[in-house]
Number of protein chains: 2
Amino acid sequence: MATPTEENYLKALLALTDAEGKASVSGLGQALGVSTPSVTSMVRKLHERGLVEYARYQPLRLTPAGRKAAALVVRKHRLTEMFLVDMMGFGWEEVHNIAEQVEHVDSPSFFARMDKLMGHPKFDPHGSPIPDTEGSIHDLDHRRLDECAVGETVTISGLNHSSNDFLHYLNDRDLSLHTELTVVAREAYDGSLTVSYVGHPREVLSQVVASKLLVG
Amino acid sequence: MATPTEENYLKALLALTDAEGKASVSGLGQALGVSTPSVTSMVRKLHERGLVEYARYQPLRLTPAGRKAAALVVRKHRLTEMFLVDMMGFGWEEVHNIAEQVEHVDSPSFFARMDKLMGHPKFDPHGSPIPDTEGSIHDLDHRRLDECAVGETVTISGLNHSSNDFLHYLNDRDLSLHTELTVVAREAYDGSLTVSYVGHPREVLSQVVASKLLVG
DNA sequence: GATAAAAGTTAGATTAGGCTAACTTTATTG
DNA sequence: CAATAAAGTTAGCCTAATCTAACTTTTATC
Ligand SMILES: [Mn+2]
Ligand SMILES: [Mn+2]
Ligand SMILES: [Mn+2]
Ligand SMILES: [Mn+2]
């Protein structure tokens, strides 16, 4: 039904509208690395298909059908990432680019089989929720590590953004999903946290890093 | 480097030139379901890239570089099919269409991982050889079942063509790769064979079927 | 060997997706 | 609230891949 390009637009639009409910043409263009005229023209096509709310000079929104279509692409992406990590032995920093391609495979049985083999996982390797087959997204409520109090012991349950650099930073410090850590101290000046966890009695994380670690 | 379309052209050209060494524009068009003008224009592009030997009104051939590129696509296709069957539990009749898409994923590590997880298989689920990482194809020498003598016991080692209908025909009769069967009789009139194998003491195969079963 | 058929090419159009440059509308701000 | 800045749209062009219709070359046939 949808081309890979359309799927990528929908997915980016879902990510952008997730916070605000709406997105700008330029924001979507930036997210996808295309010019604003390209966005305008594609967004109109998706509007004709009933997937995007669009009016000239107005912010973009997904329709319910668009939201569902987008979530099902995200489902394919995250199932793939989880499969690559859990069943094929890839590191969590290696899987995004492969999933970015595999997500466009048109074969319900392919993804259903992945899902079944993994026992219907609820989260991807970065802690993001895998939408269900209806396109509903059930997330955990996590807090940001930088908002935790000194003395608290929490478990990493997700990442706010998962760039390659950030994932390598975490790998270098043996930090991963499910790592249990205790907040030992907070530096008042720059908000950096000292944390401790298995094998790492004292590790300092900047506020920038701590704000990208979700715990719960 | 190559687009999915280019990869499909190269793959089809390798299949067509495999027997004769050369292929016609119309044959390639038919294999791909596109018109002859489309073939002419794509084949010229591949010629510019140094992958196809092309001269107006002359038969098409792959250059050594084109042959290698095509074989590497076939490698991705067949590794994928084997992975789908061996690691994901699909039937051999379900995997071709999925592999037709997955073969275009651009990620050497993805296919290297499949290969490793399966222990470097040499043949796909239909008995076709998986080209090596250099693009060399090492096939077994098989004979066609319809050329076997009455009384011979042989093992199915490949299929000449593997259409969905044919694979379902074989499934219905519990015939698959590695099935050992004995030629019990040959009907002189139409060349049909009576064979026997585990669970099937007498099964009649038409000459058409027998000619598509490779044994060795 | 002339003629008809088949195969291949050329020409011109289409659709998907993308771009830059110019223009218009909305938002900001002095 | 007028002037500027920012955002968005329009116009026009591009490349990849496809098509049909018309034409040319090659092959087959009498
Ligand atoms: Mn991802
Ligand atoms: Mn993608
Ligand atoms: Mn196949
Ligand atoms: Mn393909």
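Lettering follows sequence order; numbering is per chain, from 1.
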**Student:** S35(A) near the nucleic acid: base, sugar-phosphate alone, or nothing, with a heavy-atom cut-off under 4.0 Å?
**Tutor:**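 Base, at least one base atom sits under 4.0 Å.
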
**Student:** Are any of the side-chain heavy atoms of F166(B) and L213(B) separated by less than 4.5 Å?
**Tutor:**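 Counting from C-beta outward, F166(B) and L213(B) do come under 4.5 Å.
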
**Student:** Closest approach to the side chain of R44(B), judged atom by atom: which nucleotide of dA11(D), dG8(D), dT9(C) is it?
**Tutor:**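 Nearest nucleotide to the side chain: dT9(C).
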
**Student:** Closer to the 5' end of DNA chain C via nearest nucleotide, is it P4(A) or R56(A)?
**Tutor:**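 First, find each residue's nearest nucleotide; the 5'-ward one identifies P4(A).
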
**Student:** Checking contacts here: which listed nucleotide (dA7(C), dG8(D), dT9(C)) is nearest the side-chain heavy atoms of S24(A)?
**Tutor:**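 Of the options given, the side chain of S24(A) lies nearest dG8(D).
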
**Student:** NA contact type, S26(B), heavy-atom cut-off 4.0 Å: base, sugar-phosphate, or nothing?
**Tutor:**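 Result for S26(B) = sugar-phosphate.
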
**Student:** Are any of Y9(A)'s side-chain N or O atoms less than 4.0 Å away from OP1 or OP2 of dG18(C)?
**Tutor:**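 Indeed, a polar side-chain atom of Y9(A) lies that close.
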
**Student:** When you measure from the side-chain N and O atoms of T3(A) to the phosphate of dA16(C), is any distance below 4.0 Å, counting only OP1 and OP2?
**Tutor:**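 Checking dA16(C) against T3(A), no side-chain N or O comes under 4.0 Å of OP1 or OP2.
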
**Student:** Regarding S38(B), tell me which of base, sugar-phosphate or nothing describes its non-hydrogen contacts under 4.0 Å with the strands shown.
**Tutor:**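 Since a base atom lies under 4.0 Å of S38(B), the category is base.
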
**Student:** Find which nucleotide of DNA chain C each of G33(A) and Q58(A) is nearest to by heavy atoms, and output the residue with the more 5' nucleotide.
**Tutor:**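 Comparing both residues, the 5'-ward one is G33(A).
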
**Student:** How long is the span from the NE2 atom in H120(B) to the CG atom in L79(B), to the nearest 0.5 Å?
**Tutor:**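 Rounded to the nearest 0.5 Å, the NE2-CG separation comes to 10.5 Å.
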
**Student:** Do R75(A) and F111(A) meet the cation-pi criteria used here (NZ or CZ under 6.0 Å from the six-membered ring centre, within 45° of the axis)?
**Tutor:**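 Verdict for F111(A): no cation-pi partner in R75(A).
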
**Student:** Under 6.0 Å from the ring centre and within 45 degrees of the ring axis: does the NZ or CZ of R173(A) meet both conditions for the six-membered ring of Y169(A)?
**Tutor:**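 That pair qualifies as a cation-pi contact.
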
